[in-house]
Peer 1: 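The following block contains the structure, expressed as structure tokens.
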Amino acid sequence: MHDTTWYQRDRAVTIETTAGDLEVADPIEVAQYGRWAEALTSVALTGQAAADRDRDLTRDRGRSASELSTPF
């Protein structure tokens, strides 16, 4: 099974999904995937911040929203 990922190379994008791979070479579509990737990676948590968030989510699983100190 593939994780859903993308790779940009030579002005083309390969999207890998569980259903198969899709090659996109249209410059407008390649640019759109680049903008989407930038939007996602600009807000992604990494390193210790990601580990802390994972720990908090795991700890809070099953608690009601009113019990949580920070909203999602």
Side-chain angles (χ1 to χ4, degrees):
M1 177 185 284
H2 295 294
D3 290 328
T4 301
T5 57
W6 72 275
Y7 302 99
Q8 184 171 354
R9 62 181 190 282
D10 301 325
R11 302 188 195 283
V13 175
T14 301
I15 301 115
E16 297 179 9
T17 70
T18 56
D21 297 349
L22 174 65
E23 292 280 333
V24 178
D26 179 272
I28 293 171
E29 291 184 43
V30 169
Q32 182 63 55
Y33 278 104
R35 287 190 295 275
W36 289 336
E38 178 58 35
L40 291 171
T41 57
S42 71
V43 296
L45 295 176
T46 61
Q48 190 60 49
D52 292 344
R53 182 66 174 147
D54 184 54
R55 184 196 62 240
D56 293 344
L57 289 170
T58 300
R59 180 195 63 223
D60 294 338
R61 189 179 320 143
R63 295 173 62 190
S64 69
S66 63
E67 295 176 295
L68 298 175
S69 59
T70 57
F72 292 105

Peer 1: Does a salt bridge link Arg53 with Asp56, judged by any charged N lying under 4.0 Å from a carboxylate O?
Peer 2: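 Salt bridge flag = no for Asp56 with Arg53.
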
Peer 1: Just jot down the side-chain hydrogen bond (donor to acceptor under 3.5 Å, both in side chains) partners of Asp52, sequence neighbours excluded, or say none.
Peer 2: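 side-chain hydrogen bond (donor to acceptor under 3.5 Å, both in side chains) list for Asp52, sorted by chain: Gln48, Arg55.
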
Peer 1: Take Ile15 and Val24 through the side-chain contact (heavy atoms from CB on, under 4.5 Å) test and state the conclusion after the steps.
Peer 2: CA-CA 8 Å; Ile15 301 115; Val24 178; 3.7 Å; yes

Peer 1: Would you please name every residue forming a salt bridge (Lys or Arg N to Asp or Glu O under 4.0 Å) with Asp54, sequence neighbours left out?
Peer 2: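 In terms of salt bridge (Lys or Arg N to Asp or Glu O under 4.0 Å), with neighbours along the sequence ignored, Asp54 is linked to no residue.
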
Peer 1: Suppose we screen for side-chain hydrogen bond (donor to acceptor under 3.5 Å, both in side chains). Which residues come up paired with Glu29, at least two apart in sequence or across chains?
Peer 2: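 side-chain hydrogen bond (donor to acceptor under 3.5 Å, both in side chains) list for Glu29, sorted by chain: empty.
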
Peer 1: Determine the minimum heavy-atom distance between Leu45 and Ala50, stating which atoms define it.
Peer 2: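 Nearest heavy atoms, Leu45 then Ala50: O-CB, 3.6 Å.
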
